[in-house]
Amino acid sequence: MSHDLFEIYRRRVQAALKTLSAKGEIPKPSNPAAASRRPSAFALEPPRDSRHGDMALNAAMALAKEAGENPRALAEKIRPALQKMEGVEKAEIAGPGFLNLTLKDEIWQSEIPKILALKDSYGSSARGEGRRVLIEYVSANPTGPLHIGHARGAVFGDALALLMEKTGCAITREYYVNDAGAQADTLAASVWTRCRQSLGETIALKEGLYPGDYLVPVAEEILKNHGGDRLTAMKDEPRRALLREESVRAMMDLIKADLKDLGVSHDCFIHESALVRRGAVKKAVGILEKKGFVHEGTLPPPKGGKGKESADWTPHRHLLFLASRFGDSSDRPLQKKDGSWTYFASDIAYHHDKIARGFDEVVNVWGADHAGYAPRLRAAFEAFGSGADFHVKLCHMVRVLKDGSPVKMSKRAGGFIALRDVLKETGRDAFRFQMLTRKNDAPLDFDMKKVLEQANENPIFYVQYAHARICSVFRRAEEAGLTEEEEREADFALLAHQSETSLIKMLARFPRQVALASSMREPHRIAFYLHDLAALFHALWNVGKDAPAQRFLLENRNDEERALTLARLALLRASKIVLAEGLRILGVRAVEEMR
RNA sequence: GUCCCCGUAGCUCAGUUGGAUAGAGCACGAGAUUCCUAAUCUCGGGGUCGCAGGUUCAAAUCCUGCCGGGGACACCA
């Protein structure tokens with residue numbers, strides 16, 4: 001049973017509408033949550049304008065057409081049922097035919113003890129019904145430390161996982177390690193150059209190799225473990241294999257260290273090389289072949305950019321996947337000229353593996369530069385005939401600003417802005433919050449100065465400050481000998497000030513907001529919600545500055561003051577719980593004080 | 001040339017999966033601290049939701065076309 005007030009009333013309203021339609025007074029309503037949306041679907045939502053009550057129902061408008069009646073007349077038929085509904089203060093008809101519900105104060109006030117009892121499971125739900133979801137995120141190539149763009153995907157994927165877990169999904173966090181292709185060879189070659197340099201040879205790093213300084217210690221470590229003489233004496237092929245394995249491992253250690261600093265973790269790391277080794281690629285392609293989705297053919301020359309025709313392109317016959325049959329703009333090669341598998345082929349194997357593991361939903365978090373790759377992978381996914389849902393969430397580019405202008409990429413660091421350099425300055429929590437104050441499919445400017453700013457303009461600070469202020473009150477309350485147990489017995493009807501009511505109503509929206517953010521796979525909604533919640537808290541705080549009688553902690557000279565204090569502390573306790581839990585979903589730690 | 005994403009206040013951005021008079025922060029103007037952290041709050045001005053059509057009770061939101069910005073169009077991963 002849901003404890004989301006909006007969900008509870010949605011169900012009550014639905015039942016009431018059903019009864020009415022059974023009596024033949026109104027057409028049959030349909031549930032907006034149902035897969036097939038019909039015009040008769042209704043919604044019960046908090047109205048934008050609080051003067052329109054607490055919950056707005058659009059059923060009369062939605063059903064008007066089917067009923068062949070005007071919405072306001074239909075609303076008149078529905079209104080009595082809503083009016084006598086439990087906890088409803090009044091049900092009014094407004095505007096084009098809205099039915100606005102205003103709930104009794106006690107309904108809102110009872111939200112406080114509910115939060116105190118549920119603690120951090122307030123807002124949790126079983127909506128996901130144990131849905132098994134695989135979220136693949138980061139999956140950065142093991143060729144260097146994480147950069148700022150990877151970090152956005154990392155934070156997004158991690159927050160999405162936390163969010164969907166909160167709504168009852170069983171999440172597996174996964175990282176796909178591309179360690180079988182040409183990039184791993186390039187890495188090995190780069191490290192070998194570094195080895196030889198370290199052994200005293202004067203050779204330059206060839207064009208196309210990875211220039212980053214971070215490979216120097218990797219080379220030295222390998223020399224130490226395997227011996228320079230021995231490595232030099234080895235034949236090319238076994239040496240390359242060894243260097244590949246060792247440097248990929250070193251790179252993954254580097255990446256895992258970065259992820260740890262970011263507070264991001266994965267349940268499993270799937271290595272492309274392992275898939276290749278056990279013949280998974282051949283097997284997966286074989287399955288598609290059997291289904292008739294693979295053929296041998298020649299692709300037309302690539303279009304290229306304006307006026308730029310590919311000079312080195314020659315027609316070639318190879319195995320193609322019939323992606324065009326599943327909505328992609330072209331068929332896609334599975335083999336290279338030399339007969340080896342393409343990256344796409346092993347990705348097909350990887351996703352076949354995902355399907356085989358029986359997930360209900362597969363989410364891929366990618367950088368926006370992979371947008372064009374999504375249709376072919378979706379095509380492959382569908383070709384296997386999997387019933388699982390397939391989502392691609394694209395995280396757009398991050399531009400780092402320092403002193404108002406974009407930071408130049410450092411060549412020595414490998415041509416990108418390293419996550420660790422940014423993290424060193426901002427810290428994990430501010431970084432994560434900043435990354436989530438923007439929806440994933442819009443580019444993001446990351447302003448170093450603003451992230452560190454201790455002012456209203458910086459949302460993470462604003463939210464943390466609210467939490468810290470609450471903690472400060474509790475420190476004083478403790479000194480005054482007030483206990484948490486007493487709060488639970490408080491008379492919540494005393495919370496009647498307009499600012500208190502607004503805050504309570506915002507708290508009560510948390511479960512709905514979590515459900516919404518989760519179903520839309522949009523963690524940023526939580527960040528914005530927290531900002532709104534903090535704003536109402538700060539407003540209430542200042543009410544007490546102007547009017548001492550409205551302060552949280554009164555002198556406790558008499559029973560009345562003591563009762564007020566306890567009720568207000570309960571409200572603060574509930575606010576603290578929701579702030580902390582909201583931050584937790586974003587992977588941000590709430591702070592007790594700001595100093 | 002084709003595909004994807006974006007276009008909302010001077011600036012940075014939200015916008016409840018189609019709802020009522022489109023919101024917040026910054027900036028600008030005016031105010032509030034003997035008192036729980038003023039690192040905050042209150043009030044005010046500020047809009048053709050890129051443009052033009054369409055769909056319907058209702059469009060910033062959905063569809064089509066255009067304009068502008070970004071990204072992608074490998075036998076690289």
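For A/Lys449, no side-chain nitrogen or oxygen approaches OP1 or OP2 of B/C26 to under 4.0 Å.
If you check every strand for non-hydrogen atoms under 4.0 Å, A/His370 touches a base. Within 4.0 Å (heavy atoms only), A/Ala64 reaches no atom of the nucleic acid at all. If you check every strand for non-hydrogen atoms under 4.0 Å, A/Lys450 touches nothing. Base engagement by A/Phe552 is indicated by at least one non-hydrogen atom pair under 4.0 Å involving a base atom. Counting non-hydrogen atoms under 4.0 angstrom, A/Pro71 reaches nothing in the nucleic acid. Using a 4.0 Å heavy-atom distance criterion, A/Arg551 is classed as a base contact. If you check every strand for non-hydrogen atoms under 4.0 Å, A/Arg48 touches a base.
Atom NE2 of A/His396 and atom P of B/A72 are 11 Å apart (whole Å). For the pair A/Leu569 CG and B/C36 P, the computed distance is 16 Å after rounding to whole Å. Atom pair A/Gln335:CD and B/C75:P shows a separation of 13 Å (rounding to whole Å applied).
A/Tyr350 and A/Glu174 are linked by a side-chain donor-acceptor pair at a separation below 3.5 angstrom, with hydrogens and angles left out of the test. Judged by distance alone, the side chains of A/His271 and A/Asp179 do bring a donor and an acceptor atom under 3.5 Å apart. For A/Thr143 and A/Asn141, the side-chain atoms include no donor-acceptor pair closer than 3.5 Å.
Base pairing in RNA chain B yields stems of at least 3 consecutive Watson-Crick or G-U pairs, both distances under 3.5 Å, namely B:1-7 with B:67-73, B:10-13 with B:23-26, B:28-32 with B:40-44, B:50-54 with B:62-66.
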Could you list the donor-acceptor pairs under 3.5 angstrom formed by side chains in residues 505-512 of chain A, with sequence neighbours left out?
| residue | atom | partner | partner atom | Å |
| --- | --- | --- | --- | --- |
| A/Lys505 | NZ | A/Asp54 | OD1 | 2.8 |

